[in-house]
Asks: 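Quick one: this structure, given as structure tokens, is what I'll be asking you about.
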Amino acid sequence: MTRTPVNVTVTGAAGQIGYALLFRIASGQLLGADVPVALRLLEIPQGLKAAEGTAMELDDCAFPLLSGIEITDDPNKAFDGANVALLVGARPRTKGMERGDLLEANGGIFKPQGKAINDHAADDIKVLVVGNPANTNALIAQAAAPDVPAERFTAMTRLDHNRALSQLSKRTGTPVSEIRRLTIWGNHSATQYPDIFHAEVAGKNAAEAVNDEKWLAEEFIPTVAKRGAAIIEARGASSAASAANAAVDHIHTWVNGTPEGDWTSMGVPSDGSYGVPEGLISSFPVTCSGGTYEIVQGLEINEFSRARIDASVKELEEEREAVRGLGLI
Ligand SMILES: NC(=O)C1=CN([C@@H]2O[C@H](COP(=O)(O)OP(=O)(O)OC[C@H]3O[C@@H](n4cnc5c(N)ncnc54)[C@H](O)[C@@H]3O)[C@@H](O)[C@H]2O)C=CC1
Ligand SMILES: O=C([O-])CC(=O)C(=O)O
């Protein structure tokens, strides 16, 4: 190992996503098979013992790329020198709750963590917020970190993107590897809009290939948007392995780039593109290259899409107002 290890901080390390995530990071799947990583695990005091257990198991894997593990309940230590921060630790929703119901419970976590990132993280810090409501939690963390460029705070909609890929693959009988340019717009919530109008399946326009607006409106969109609730109903607990997988995908793509001719979906601070008010952390189609991302420009938005994007953006604006009211931003 000759390269300096990349410091990766994971919050909520003892939780179910943490358990599915840490082994993949340590094995090299997050950043690349030649990139050593040093893990920093942040937990609340009650979670420290379980995090230590997970660290013992990580040791027992003897991962060649894992250069060290530190466990702490102090955000200032956890984010010291962090290059990548995965903010997972939060209270998950249970049956009957919407993700927005978690705003107050989880908002208080992200403000101090944003400040600790502001004060201690490395200059190249990249932040992914997974903990729900992810978009608005990312906004809270970002607002508490005025010295960090705003675009480094992102929220996870890659799980929604992957869910949409899988549903479209099943419907069209096309392998996911032959589907490109799918987009999740808006909030990681039931109002999100998975858009196939610009997507391609095996080189053909996906909406034309499907040619069934009823399926789109009544099956595809609700299935993707309500998949989190369906998993909770079936498993009795929220998505964990698929969420960890999406977090790995999100950071891997951000660092290593999107394939030529394709894009991905990320919750990122709006620059006003597509009529999304500036500053809201909303999901967009983005291309990544050289460790940075750009919102894909110039897509034509039809009426069907416009109404759905606007509805999700309206919800994000309401969440922003709510956290303003709580003094979190
Ligand atoms: N954006 C997305 O697509 C998805 C987001 N999620 C969200 O991810 C979050 C975590 O989910 P799970 O791992 O299933 O929950 P979990 O309850 O199994 O684990 C959460 C962990 O976070 C820890 N924690 C709580 N407050 C903390 C703090 N201030 N600092 C550090 N650690 C803290 C807890 O002790 C616990 O170990 C939830 O908010 C869930 O809703 C889950 C799936 C997908
Ligand atoms: O639905 C939840 O609460 C967990 C989550 O965000 C998802 O699975 O998309």
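Keep in mind that what you see is a predicted model, and the values were worked out from it rather than measured. We count ligands from 1, going down the list as the structure has it; atoms in each ligand are counted the same way.
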Asks: Under 30°, 30 to 60°, or over 60°: which ring-plane class applies to Tyr274 and Phe284, parallel, tilted or perpendicular?
Replies: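 Tyr274 and Phe284: tilted rings.
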
Asks: Pairing donors with acceptors under 3.5 angstrom, does anything connect the side chains of Ser282 and Trp185?
Replies: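 Checked: Ser282/Trp185 side chains show no N/O donor-acceptor pair below 3.5 Å.
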
Asks: Is it true that Ser189 and Glu98 share a donor-acceptor pair across their side chains at a distance under 3.5 Å?
Replies: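 Side chains of Glu98 and Ser189: no pair found under 3.5 Å.
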
Asks: How close does the nearest protein non-hydrogen atom get to atom 10 (C) of ligand 1, and which residue and atom is it?
Replies: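 Scanning the protein heavy atoms, the shortest distance from atom 10 (C) of ligand 1 goes to Val88 O, 3.2 Å.
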
Asks: Given that the side chain starts at C-beta and the backbone is N, CA, C, O, which of these parts of Ala243 lies under 4.0 Å from ligand 1, counting heavy atoms, or is it both or neither?
Replies: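 Under 4.0 Å from ligand 1, Ala243 contributes side-chain atoms alone.
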
Asks: Considering Gln46, Met156, Arg99, Gln16, which one's heavy-atom position lies nearest to atom 16 (P) of ligand 1?
Replies: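 Among Gln46, Met156, Arg99, Gln16, the closest heavy atom to atom 16 (P) of ligand 1 belongs to Gln16.
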
Asks: Considering non-hydrogen atoms of the protein only, which is the closest contact for atom 32 (N) of ligand 1, and what is the distance?
Replies: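 Nearest neighbour among protein heavy atoms for atom 32 (N) of ligand 1, to 0.1 Å: Gly12 N, 3.3 Å.
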
Asks: Which residue and atom name correspond to the protein heavy atom nearest atom 38 (C) of ligand 1, and how close is it?
Replies: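 Answer, as residue, atom name and distance: Pro92 CA, 3.7 Å.
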
Asks: Do you see a donor-acceptor pair shorter than 3.5 Å between the side chains of Ser239 and Arg163?
Replies: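 Checked: Ser239/Arg163 side chains pair up, N/O donor to acceptor below 3.5 Å.
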
Asks: Could you walk me through whether Asp119 and Lys115 satisfy the salt bridge (charged side-chain N to carboxylate O under 4.0 Å, His left out) test, starting with their C-alpha distance in whole Å, then the side-chain angles of each, then the deciding distance to 0.1 Å, before giving a yes or no?
Replies: CA-CA 6 Å; Asp119 296 348; Lys115 179 160 181 6; 2.6 Å; yes

Asks: Looking at ligand 1, would Gly47 count as a contact under a 4.0 Å heavy-atom criterion?
Replies: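 Gly47: no contact with ligand 1 (<4.0 Å).
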
Asks: At a 4.0 Å cut-off, with the gap strictly under it, does some heavy atom of Arg91 reach an atom of ligand 1?
Replies: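 Checking ligand 1 against Arg91, which is what was asked, there is a heavy-atom contact under 4.0 Å.
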
Asks: Which bit of Ile109 is near ligand 1, meaning a heavy atom under 4.0 Å away: side chain, backbone, both or neither?
Replies: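 Side chain only; the backbone of Ile109 stays clear of ligand 1.
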
Asks: Under a 4.0 Å heavy-atom limit, does Gln113 contact ligand 1 with its side chain, its backbone, both, or neither?
Replies: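 The answer is the side chain of Gln113.
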
Asks: Would Gln192 and Ser312 count as having a side-chain donor-acceptor pair, cut-off 3.5 Å?
Replies: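 Looking only at side-chain atoms, Ser312 and Gln192 do not form any donor-acceptor pair under 3.5 Å.
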
Asks: Under the rule for side chain to side chain contact (heavy atoms under 4.5 Å, CB included), what residues qualify as partners of Pro259, not counting sequence neighbours?
Replies: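 By the side chain to side chain contact (heavy atoms under 4.5 Å, CB included) rule, Pro259 matches Asp262.
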
Asks: Ignoring angles and geometry beyond distance, decide whether Gly18 reaches within less than 3.5 Å of ligand 1 through its nitrogen or oxygen atoms.
Replies: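 Between Gly18 and ligand 1, no N or O pair is found under 3.5 Å apart.
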
Asks: Hey, which atoms in ligand 1 end up nearer than 4.0 Å to a heavy atom of His188?
Replies: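 Matching atoms, with element in brackets: 1 (N), 2 (C), 3 (O), 4 (C).
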
Asks: Asp271 vs Ser273, test: side chain to side chain donor-acceptor pair (under 3.5 Å). Steps then yes/no.
Replies: CA-CA 6 Å; Asp271 58 0; Ser273 295; 2.5 Å; yes

Asks: Non-hydrogen atoms closer than 4.0 Å to ligand 2: which protein residues do they belong to? List them by chain and number, please.
Replies: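 Close residues (ligand 2, cut-off 4.0 Å): Arg93, Arg99, Asn132, Leu159, Arg163, His188, Gly228, Ile232, Ser238, Ser239.
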
Asks: Could a heavy atom of Ala240 be found less than 4.0 Å from some atom of ligand 1?
Replies: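 So Ala240 does not count as touching ligand 1.
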
Asks: Is the contact between Leu159 and ligand 1 made by the side chain, the backbone, both, or neither, using heavy atoms and a 4.0 Å cut-off?
Replies: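 Looking at Leu159 and ligand 1, just side chain atoms fall under 4.0 Å.
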
Asks: List the closest protein heavy-atom neighbour of atom 28 (C) of ligand 1: residue, atom name, distance to the nearest 0.1 Å.
Replies: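 Going by distance alone, atom 28 (C) of ligand 1 is nearest to Ile44 CG2, 3.6 Å.
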
Asks: Identify the protein heavy atom lying closest to atom 5 (C) of ligand 1, giving its residue, its atom name and the separation to 0.1 Å.
Replies: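 I find the closest protein heavy atom is Val130 O, 2.9 Å.
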
Asks: Output every pair passing ring-ring contact (aromatic ring centres under 6.0 Å, His included) with a member in residues 35-54, not counting sequence neighbours, ordered by first then second residue.
Replies: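 Matches after skipping sequence neighbours: none remain.
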
Asks: May I ask you to check whether Tyr193 and Ser305 show a side-chain donor-acceptor distance below 3.5 Å?
Replies: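 Looking only at side-chain atoms, Ser305 and Tyr193 do form a donor-acceptor pair, the distance falling under 3.5 Å.
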
Asks: State the CG-CG distance between Asn137 and Asn135, to the nearest 0.5 angstrom.
Replies: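 Spacing of CG (Asn137) from CG (Asn135) equals 9.0 Å.
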
Asks: Heavy atoms only, cut-off 4.0 Å: how does Glu43 contact ligand 1, side chain, backbone, both, or neither?
Replies: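 Contact part for Glu43 vs ligand 1: both backbone and side chain.
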
Asks: For the residue pair His250 and Thr154, confirm or rule out a side-chain donor-acceptor distance under 3.5 Å.
Replies: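 Note: His250 and Thr154 side chains meet the donor-acceptor criterion.
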
Asks: Quick one: side chain to side chain contact (heavy atoms under 4.5 Å, CB included) partners of Glu57, sequence neighbours excluded?
Replies: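 Result, side chain to side chain contact (heavy atoms under 4.5 Å, CB included) vs Glu57: Tyr19, Phe23.
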
Asks: Are side-chain N/O atoms of Glu319 and Asn187 paired as donor and acceptor at under 3.5 Å?
Replies: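 A donor-acceptor contact under 3.5 Å links the two side chains.
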
Asks: Between Thr11 and ligand 1, is there a nitrogen or oxygen pair with a distance under 3.5 Å?
Replies: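 So ligand 1 has no N or O lying under 3.5 Å from an N or O of Thr11.
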
Asks: Would you say Asn245 and Arg158 are linked by a side-chain donor-acceptor pair, where the criterion is simply a distance under 3.5 Å?
Replies: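 Looking only at side-chain atoms, Asn245 and Arg158 do not form any donor-acceptor pair under 3.5 Å.
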
Asks: Considering non-hydrogen atoms of the protein only, which is the closest contact for atom 41 (O) of ligand 1, and what is the distance?
Replies: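 Among all protein heavy atoms, the one nearest atom 41 (O) of ligand 1 is Asn132 ND2, 2.8 Å.
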
Asks: Would you indicate whether the side-chain heavy atoms of Lys126 and Trp254 approach each other to under 4.5 Å?
Replies: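 Yes, side chains in contact.
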
Asks: Tell me: protein heavy atom nearest atom 20 (C) of ligand 1, and distance?
Replies: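 Answer, as residue, atom name and distance: Ala90 O, 3.4 Å.
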
Asks: Closest non-hydrogen protein atom to atom 8 (O) of ligand 1, residue and atom name please, with distance?
Replies: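 Answer, as residue, atom name and distance: Ile17 CD1, 3.4 Å.
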
